[in-house]
Amino acid sequence: MPSEVRIRFAPSPTGALHVGGARTALFNWLFTRKNHGKFLLRIEDTDVKRSTRASLEQILDSLQWLGLQWDEGPFFQSERKAHYEEAIGQLLHTGNAYKCFCSPKRLNELRARAKAMSAPFIYDRMCATLSDAEVQRREAQGERCTIRFHVPLSGETIFDDVIFGPVRVENKLIGDFVIARSDGLATYNLCAVVDDNLMSISHVIRGEDHLSNTSKQILLYHALRYPVPKFVHLPLILEPDKAPLSKRHGATDVLQLREEGFLPEAVVNFLALLGWAYNGATEVFSLDELISKFSLKAVSKAAAVFDATKLLWMNGLYMRSLPQKVVIDRAKAFMAGAGYDIPQYDSKWLDGIITLEIERSKTLKELAAHLEFFLSDQLRYDETAVEKFLLREESQEIIGHVRNRLASLEQFDIKTLEQALRSLAEELNLKFGQVVHPTRVALTGSSASPGIFDVITNLGQSRVVARLDSALELIRQRRQP
RNA sequence: GGCGCUAUCGUCUAGCCCGGUUUAGGACAUCGCCCUCUCAAGGCGGAGACGCGGGUUCAAAUCCCGCUAGCGCUACCA
């Protein structure tokens with residue numbers, strides 16, 4: 001029996017959670033659930049300058065919205081300094097680390113010189129050979145120092161990544177890296193190692209951008225005599241232009257996706273398909289199916305482009321396949337959040353018109369927009385539709401007839417309406433569509449809408465007649481000159 | 001510059017490990033047709049890819065080498 005599966009998602013709160021981070025979180029979560037392990041959330045906020053409270057909240061909010069519940073945490077690295085200091089002390093004590101007094105200026109010069117010679121920059125280890133007395137003297141003088149890890153000069157560090165396979169790097173190419181800044185705060189590589197050990201993490205699942213850091217961390221594991229976890233690096237997610245994910249390209253933040261009216265179920269399903277495939281043919285998975293079918297072994301090594309169009313398609317799929325009641329409730333909540341006064345509407349009527357638009361909307365936002373002509377009598381006429389269907393020779397007459405026929409109806413159910421309009425078309429010697437199209441534009445302002453009878457019944461007789469009158473008025477005005 | 005990683009339709013991918021079953025499969029997008037009161041949905045069909053160059057082999061998308069391109073790391077960021 002393998003030891004317990006303990007997984008962590010460790011974002012740094014320096015910005016909102018974007019789809020790349022969300023995908024990492026998802027894969028972490030799926031792997032945990034599949035293996036009945038524990039999912040921990042750790043906030044890597046050691047960079048005090050860039051970490052913000054707002055980012056933290058956005059990340060937590062995003063994770064919750066996606067339904068990725070964590071079992072332990074959140075833990076904050078900013079509150080765990082004692083652990084890092086202890087490890088650093090141990091490293092110093094065992095001679096695996098040393099104090100470095102080199103100034104940023106000298107380091108920059110070293111870097112510049114290396115670049116000028118197009119040679120690789122590796123810290124020259126000047127401070128590695130300082131005597132204890134010298135170190136003490138300079139410290140006593142109040143000189144600030146960083147602490148560097150003593151990387152072995154020879155040999156190589158090898159690890160077997162679960163996704164990428166064996167990766168090997170020569171130690172002499174790594175260079176003594178900083179594990180504690182001059183202000184005493186430990187850096188990422190050290191904190192991650194110390195915490196992953198303390199938290200008994202079994203698999204470190206993170207973005208491919210950390211692949212190159214892994215050998216450094218393994219060196220740290222060895223020096224600290226910690227057991228080394230399994231490493232799993234996930235391929236990156238790219239913008240359509242193949243550039244790394246960034247703000248400038250629009251909605252790639254999870255919270256933005258929510259604002260755009262996407263459903264978390266669809267986002268999760270879509271994200272799962274970014275770098276992972278079950279058999280290449282099945283694309284739609286419930287969360288439970290995802291958990292049972294997910295496998296890190298099946299994750300691709302190549303970076304994937306975030307295709308918003310496919311997400312849109314999948315969201316539409318979920319709009320139509322999730323239980324209607326669920327979508328209706330989500331739509332109402334979304335609209336309330338967008339400023340609509342939901343309680344003012346008759347609940348049953350609202351549910352009805354939402355239902356009509358669910359199948360023709362890809363997002364909740366789009367759905368809300370489609371509802372506009374039902375909710376407001378300030379019709380926004382689509383100019384193309386007006387020209388095509390209202391300003392035609394025969395339109396005025398047709399709409400006039402429709403108006404009178406509908407106004408005269410005693411019953412206003414679909415059956416009666418259909419009979420009325422079909423016979424009207426027959427009497428006028430017109431095709432049904434010729435009657436319907438101008439009517440639709442007059443009623444909705446657009447040439448696209450739900451079925452005309454659904455529109456009419458849900459608008460109600462008085463509003464229908466009023467709109468037909470308005471359309472007639474509009475036609476008269478537009479024809480004046 | 002050094003090191004590391006990656007490379008199948010425009011995009012997400014299956015196939016690659018264990019060479020032949022592949023006229024390289026599916027999905028999104030796109031184009032056409034059907035359905036139809038419009039839109040959407042749905043149905044049917046079309047176009048569309050193994051980065052390049054060498055090997056190995058009777059046979060290579062699949063194995064090997066080189067190249068190219070992209071990305072990552074090379075921070076007192078994570």
Side-chain angles (χ1 to χ4, degrees), chain A residues 10-14 44-47 49-51 77 100 102 104 107 111 114-122 144-148 161 164-165 167-170 173-175 177-185 187-189 191-192 206-216 233 235-236 238 240 242-244 270 273-284 298 300-314 316-317 320 357-362 370 385 389 418 421-422 425 431-437 439-441 444 446-453 455:
Chain A
S12 55
T14 53
E44 310 222 317
D45 54 354
T46 54
D47 184 352
K49 291 187 207 80
R50 296 198 306 148
S51 297
Q77 290 191 324
C100 171
C102 293
L107 258 15
R111 251 185 291 270
K115 192 168 183 181
M117 289 163 49
S118 25
F121 168 73
I122 292 172
R144 314 245 296 176
C145 69
T146 60
I147 296 171
R148 287 182 185 271
D161 190 274
F164 285 90
V167 176
R168 54 171 62 201
V169 178
E170 281 190 79
L173 264 15
I174 295 179
F177 54 93
V178 173
I179 54 176
R181 306 186 184 89
S182 55
D183 61 5
L185 289 175
T187 61
Y188 165 73
N189 282 125
C191 296
R206 78 237 293 200
E208 189 192 342
D209 47 337
H210 292 294
L211 194 63
S212 304
N213 282 319
T214 307
S215 34
K216 289 180 192 168
H233 288 92
L236 262 21
L238 273 23
K242 307 260 185 187
F270 175 78
L273 260 23
L274 240 37
W276 173 81
Y278 174 59
N279 56 13
T282 318
E283 307 233 277
V284 182
S300 150
K301 293 183 201 176
V305 171
F306 174 79
D307 179 11
T309 312
K310 186 157 184 177
L311 205 211
L312 211 50
W313 162 77
M314 184 157 278
L317 195 72
R320 282 173 265 121
E357 296 288 5
I358 285 177
E359 59 180 301
R360 34 179 65 78
S361 304
K362 290 202 186 329
H370 285 161
F389 295 111
E418 174 141 20
L421 285 193
R422 290 213 184 262
K431 281 195 280 191
F432 188 54
Q434 291 176 287
V435 173
V436 171
H437 298 320
T439 305
R440 167 173 287 111
V441 179
T444 71
S446 161
S447 56
S449 84
I452 195 70
F453 305 117
V455 169

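Proteins get letters first, then strands, A, B, ... in listed order; numbering begins at 1 in each.
In this entry the distance linking OH of A/Tyr278 with C1' of B/A27 reads 17 Å, nearest Å.
Minimum atom distance to the side chain of A/Arg148 is reached by B/C76, of the listed B/U38, B/C76, B/G10. Nearest nucleotide to the side chain of A/Lys310, out of B/G10, B/G26, B/U13: B/G26. You'll find that the side chain of A/Phe164 is closest to B/U6, out of B/C76, B/G26, B/U6. When distances run from any side-chain atom of A/Val169 to the nucleotides B/A27, B/G4, B/G72, the shortest one goes to B/G4. Here the nucleotide nearest the side chain of A/Pro244, chosen from B/C3, B/G72, B/G26, is B/G72. Listed candidates were B/U11, B/C5, B/A7. Nearest to the side chain of A/Ala302 is B/A7. Which of B/C37, B/G2, B/C12 sits closest to the side chain of A/Phe432 comes down to B/C37. Here B/C76 is the nucleotide among B/G26, B/C73, B/C76 with the atom lying nearest to any side-chain atom of A/Leu107.
Checking B/G42 for Watson-Crick or G-U wobble geometry (two distances, each under 3.5 Å) identifies B/C34 as its partner. Remark: B/A47 base-pairs with no nucleotide in the shown strands. Criterion, Watson-Crick or G-U wobble with two distances under 3.5 Å. With a cut-off of 3.5 Å on both Watson-Crick or G-U wobble distances, the partner of B/A61 is given as none. Applying the Watson-Crick and G-U wobble criteria (two distances, each under 3.5 Å), B/C18 pairs with nothing in any strand. Nucleotide B/U56 has no partner under the Watson-Crick or G-U criteria, as no pair reaches both atom distances under 3.5 Å. Base pairing of B/U11 is made with B/A27, judged by Watson-Crick or G-U wobble geometry with both donor-acceptor distances under 3.5 Å.
The shortest heavy-atom contact between A/Phe270 and A/Asp307 is CZ-O, 3.5 Å.
Between B/C63 and B/C17, the distance separating the two C1' atoms is 11 Å to the nearest Å. Spacing of C1' atoms, B/G25 relative to B/U8, comes out at 11 Å, to the nearest Å. The P atoms of B/A78 and B/U68 are separated by 35 Å, rounded to the nearest whole Å. Comparing the same atom, C1', in B/C50 and in B/A24 gives a spacing of 8 Å after rounding to whole Å. Distance noted for atom P between B/G4 and B/G46: 46 Å (whole Å).
Among the protein residues, A/Cys145 comes within range of no part of the nucleic acid, since none of its heavy atoms lies under 4.0 Å from any strand. Note on A/Pro104: a base of the nucleic acid sits closer than 4.0 angstrom, heavy atoms only. Among the atoms of the strands shown, only primed sugar atoms or phosphate atoms (P, OP1, OP2) are found under 4.0 Å from some heavy atom of A/Leu274. Across all strands, A/Thr439 comes closer than 4.0 Å to no nucleic acid atom at all (heavy-atom distances). If you check every strand for non-hydrogen atoms under 4.0 Å, A/His210 touches a base. Here A/Ser118 lies in heavy-atom contact (under 4.0 Å) with sugar-phosphate atoms only. A/Ala448 comes within contact range of at least one nucleobase, with a heavy-atom separation under 4.0 Å. Nucleic acid contact for A/Ser449: base, since at least one base atom lies under 4.0 Å from a heavy atom of the residue. Using a 4.0 Å heavy-atom cutoff across all strands shown, A/Lys431 reaches no nucleic acid atom at all.
By the 6.0 Å contact criterion, CZ on A/Phe453 is enclosed, its count of non-hydrogen atoms from other residues, nucleotides or ligands being greater than 12.
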Yes or no on ring pair (Phe, Tyr, Trp, His ring centres under 6.0 Å) for A/Phe389 and A/His437, after CA distance, side-chain angles and deciding distance? CA-CA 6 Å; A/Phe389 295 111; A/His437 298 320; 5.2 Å; yes
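Applying the 3.5 Å distance criterion, the base of B/C76 shares a donor-acceptor pair with the side chain of A/Ser182. Between the side chain of A/Asn213 and the base of B/A78, at least one donor-acceptor pair of N or O atoms lies under 3.5 Å.
In terms of position along RNA chain B, the nucleotide closest to A/Leu236 lies nearer the 5' end than the nucleotide closest to the other residue of the pair A/Lys216 and A/Leu236. When each of A/Trp313 and A/Arg320 is assigned the nucleotide of RNA chain B with its nearest heavy atom, A/Trp313 is the one assigned upstream, toward the 5' end.
Between the side chain of A/Thr214 and the main chain of A/His210, a donor-acceptor pair closer than 3.5 Å is present.
Side-chain atoms of A/Ser449 and A/His370 include no donor-acceptor pair closer than 3.5 Å.
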